[in-house]
Amino acid sequence: MSELEHDKLLKEVCSREIGCGLYEVKIDGISVYNYIRRDCRNRFMSEFGRGEGIKDPYVPLNERRKSILISFWHFIEIAFGRIRANNVIRSFERIEFVNGSYVDKFTDPIVDFSSINESFLIIDPGRNGRHLKPRAHQNNIVYPDVIYWLSSRLLRFKFIKKRYIRENAKALDELFIKLNKAFPEYFIDMDGITRAILEQSYIRYFYRCLFKKLKVKRLFAPARGSFMHMIPAAKLENICVFELQHGVTYGESLTYSGYIDPMFSPDYFLAFSKITNPHNYGMEGDRIVEIGWAFEKYLTLVEGQDSGNSVLVISSPEISEKMIVVTSFLASHNPSVKFSFRPHPNEVLNEEKLNELGKYDNIEINNNLENLSVTLTKFSYIIGENSTALYEGLNMGKNVGKLFWGGLQSRYLNEDDKKYFFTISNNEDFKNFIRSPKGIKPSRKLYETFNKRAFESIILK
C-alpha cells in the first residue's frame, strides 16, 4: 500500500467519525470516543495491513509489582505532604542513556535550561512497569503506576460497571450504534469498550485529584497519543497544556488526523523548528510556537567515534520486514560494507527476523536503547524510509539516503528537501551513496537552537 493510499484510508476514517457523530456522544461532558479513538483507528488500518506493530518490552511480574509499590508510596507522600509543583512534566516512555544517566531528551533539557526547574514534578510512566536508573532529576520523579493499577482493579467490582452502564445507558447505546455504522468492517466489542471508557474515567479522576493537590499551573508532555488521557483532567482544573514536538509528521496519522477536540488538545504546541503544515500535528497555526531544541546542549558533551563506511539502517515496526529484505540484499551484494540495523525502540525483533539478519556477517543489530542522537554521531552514512532520524542525520551533516525499493516509499516534508537526500532505488544507487564523500550534498537544519526567551514568554503568558 502506498503512502497516498495510507493517507486516503485515514481520511476515510476521520470522515466516518465525524459523519456518524461519534464525537457528539458525551458522558459527564466528555466526548468519550476520544478515549478509544486511536484503538479504533488502528483496528481499521490493521484490516488493510497498516496497523501499528508496537509492543511493550517484557518485564517480570515482580518488577512491575515493585514499581506499583514505589508509586503508591510516592502518592502517599503527595497526599499527606506539602508538595507543590507549578509545573508537571509527563516524560516520554522511552528514556535514553546519556552521559551517565537516563534522560528524556524532550523534557529533561527543558527543565535544566529554563525557569520551570524552580517548581516542577516529573511523572515518569516507564515502560510496562520498568523505570530505568540512574534517572536525571530523580528527586523530582513520581511513578504513576498505581493510578493505572487501581483504575483497572476497580473494574473487577461488577456492581461498579453495572451502575455505570445503568446511569449512562442512553449514551453508551448511542455510541455503539454509531460505532457499528462507522465501522461495519469489524465486530464492536461493547463490553471491552465500556470497560475502556470507565477505566479512563477513573484515570481522569485520579489525575485531576493529583493536579489539584499539587496546585499545578502547567502540564508539559511530548507525543499526544501517550498523554491524551491526561489532558481532560488538566483542562477541568484550568491548567495550561503544552505539547512538545517529538518527531516529524509527513501526512495523516493515527494521533493527529481528523477532528480537533479542545478537551483533548493542548493549548500550545512547542516545536523545535518552523512548522508549515500545522494540520499534520492536529493544531491551529496560531497555537504552534517555535522554541528550538534544548537537547542540543546535551549533545555537545558527547564525543562520537565515526564508524568508517558502516551504514546505519533506521527501521520501524510497520516496515521492518521490508527493511530486513532490503538490508539483506545490500549486505549480500556489498560484503565489504558493514550494516548496523537499528529496530525502533518499541519493537522487539522476533526470532525469524533475527535469523534472517544473522545470515550475514556484515550485519549487526544496533543497540536501540542508546540515545538515537548519540548513535547518529557515530555514522557517516544513514539510510531509511520516513524516520525523523533521517532529518536528524541531515542536521548533523551526514550522508542520508531515502529508500524507494522493496515496497518502501519514502516521503519528504516538502519537495525542496529532495536535494538534501540520496535517492536509493537499487544497488547501483547504494554504491554511489556509499562512495560519495561526506558533505557532497547540502545539509538541512532540522533543529533550531533552543530559544529560552520564546519558551518563557509563552509559558508565562
Side-chain angles (χ1 to χ4, degrees), residues 35 56 59 63-64 66-96 101-112 114 116-152 199-244 246 264 266-268 270 294 459:
Y35 287 136
D56 286 324
V59 178
E63 184 176 349
R64 285 184 276 133
K66 182 179 179 181
S67 294
I68 292 170
L69 289 174
I70 294 173
S71 175
F72 179 75
W73 180 249
H74 286 164
F75 280 83
I76 289 293
E77 290 182 318
I78 292 172
F80 295 99
R82 296 183 178 180
I83 301 174
R84 299 289 182 269
N86 290 335
N87 306 289
V88 163
I89 299 100
R90 197 270 189 184
S91 62
F92 199 43
E93 286 87 348
R94 298 193 308 270
I95 57 175
E96 300 161 298
S101 64
Y102 286 95
V103 303
D104 170 21
K105 64 182 179 182
F106 305 107
T107 62
D108 284 316
I110 294 289
V111 172
D112 286 336
S114 75
I116 66 175
N117 60 23
E118 296 170 5
S119 176
F120 74 99
L121 198 67
I122 297 174
I123 296 176
D124 185 355
R127 292 192 65 196
N128 200 27
R130 172 163 291 167
H131 299 268
L132 299 173
K133 292 182 179 181
R135 177 71 165 88
H137 305 118
Q138 186 64 52
N139 293 335
N140 295 78
I141 294 288
V142 169
Y143 295 173
D145 302 58
V146 73
I147 287 180
Y148 305 101
W149 176 83
L150 186 56
S151 296
S152 66
E199 184 175 357
Q200 289 295 324
S201 70
Y202 286 132
I203 292 171
R204 183 185 74 233
Y205 170 77
F206 288 128
Y207 271 118
R208 189 175 181 185
C209 290
L210 174 65
F211 294 154
K212 184 180 293 187
K213 183 67 172 66
L214 293 171
K215 299 188 182 302
V216 179
K217 295 180 180 179
R218 307 171 198 90
L219 171 64
F220 300 87
R224 197 178 313 169
S226 297
F227 77 98
M228 184 179 285
H229 60 286
M230 298 173 65
I231 300 178
K235 297 273 185 172
L236 291 169
E237 290 300 313
N238 296 313
I239 295 168
C240 196
V241 181
F242 299 86
E243 179 181 1
L244 297 165
H246 78 290
F264 286 84
D267 296 289
Y268 295 98
L270 306 181
I459 69 171

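Quick caveat, the model's predicted, so the values are computed rather than measured. In what follows, every heavy atom counts, from backbone to side chain, and hydrogens, waters and symmetry copies are set aside.
- For Arg135 and Asp108, the salt-bridge test passes: some basic side-chain N is under 4.0 Å from an acidic carboxylate O.
- Residues satisfying the side chain to side chain donor-acceptor pair (under 3.5 Å) criterion with Tyr148, sequence neighbours excluded, are Tyr207, His229.
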Go through Tyr205 and Ser151 one step at a time and tell me if the side chain to side chain contact (heavy atoms under 4.5 Å, CB included) criterion holds.
CA-CA 10 Å; Tyr205 170 77; Ser151 296; over 6 Å; no
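- In this structure, Phe211 CZ and Leu219 CG are separated by 5.0 Å, a value rounded to the nearest 0.5 Å.
- Minimum interatomic distance between Ser67 and Gly129 (heavy atoms only, all atoms of both residues): OG-O, 2.5 Å.
- Here the shortest heavy-atom pairing between Val146 and Phe72 reads CB-N, 4.0 Å.
- Partner of Ile231 under the side-chain contact (heavy atoms from CB on, under 4.5 Å) criterion, chosen from Leu236, Ile239, Val241: Val241.
- Scanning for ring-ring contact (aromatic ring centres under 6.0 Å, His included) contacts around Tyr35 gives Phe264, with sequence neighbours left out.
- Among residues two or more places apart in sequence or in another chain, the salt bridge (Lys or Arg N to Asp or Glu O under 4.0 Å) test is passed with Glu199 by none.
- Going from atom CZ of Phe206 over to atom CE of Met230 covers 14.0 Å, rounded to the nearest 0.5 Å.
- Here the shortest heavy-atom pairing between Ala223 and Phe227 reads O-CD2, 3.3 Å.
- Salt-bridge annotation for Asp267 and Lys235: present, with a side-chain N of the basic residue lying under 4.0 Å from a carboxylate O of the acidic one.
- Interatomic distance, CD1 of Ile459 versus CG of Asn86, reported as 10.0 Å (0.5 Å rounding).
- Applying side-chain contact (heavy atoms from CB on, under 4.5 Å) to Val111 and the options Val103, Asn87, Ile89, Asn140 leaves one that passes, Ile89.
- Checking side-chain atoms of Asp104 against main-chain N and O of Ile95 turns up no donor-acceptor pair under 3.5 Å.
- By the ring-ring contact (aromatic ring centres under 6.0 Å, His included) test, Phe120 is found to be paired with His137, residues two or more places apart in sequence or in another chain being considered.
- Side chain of His74 to backbone of Val142: no donor-acceptor contact under 3.5 angstrom is found.
- Residue pairs meeting the salt bridge (Lys or Arg N to Asp or Glu O under 4.0 Å) criterion with at least one member in residues 75-93, sequence neighbours excluded: Arg90-Glu93.
- Across all their heavy atoms, Leu214 and Val88 have their closest contact at CD1-CG2, 4.1 Å.
- Contact detail for Ser119 and Ala85: the closest heavy-atom pair is OG-CA, 3.4 Å.
- With contacts defined as side-chain heavy-atom distances shorter than 4.5 Å, the pair Phe75/Ser71 qualifies.
- Proximity of a side-chain donor or acceptor of Lys105 to a complementary backbone N or O of His246 within less than 3.5 Å is not detected.
- Screening residues 214-225 for salt bridge (Lys or Arg N to Asp or Glu O under 4.0 Å), with sequence neighbours left out, gives Arg224-Glu243.
- Here the closest heavy-atom approach between residue Pro232 and residue Arg204 is recorded as CB-CD, 3.9 Å.
- Interatomic distance, CD1 of Ile110 versus CZ of Phe242, reported as 11.0 Å (0.5 Å rounding).
- In this structure, CD in Glu237 is found 4.5 Å from CZ in Arg208, a value given to the nearest 0.5 Å.
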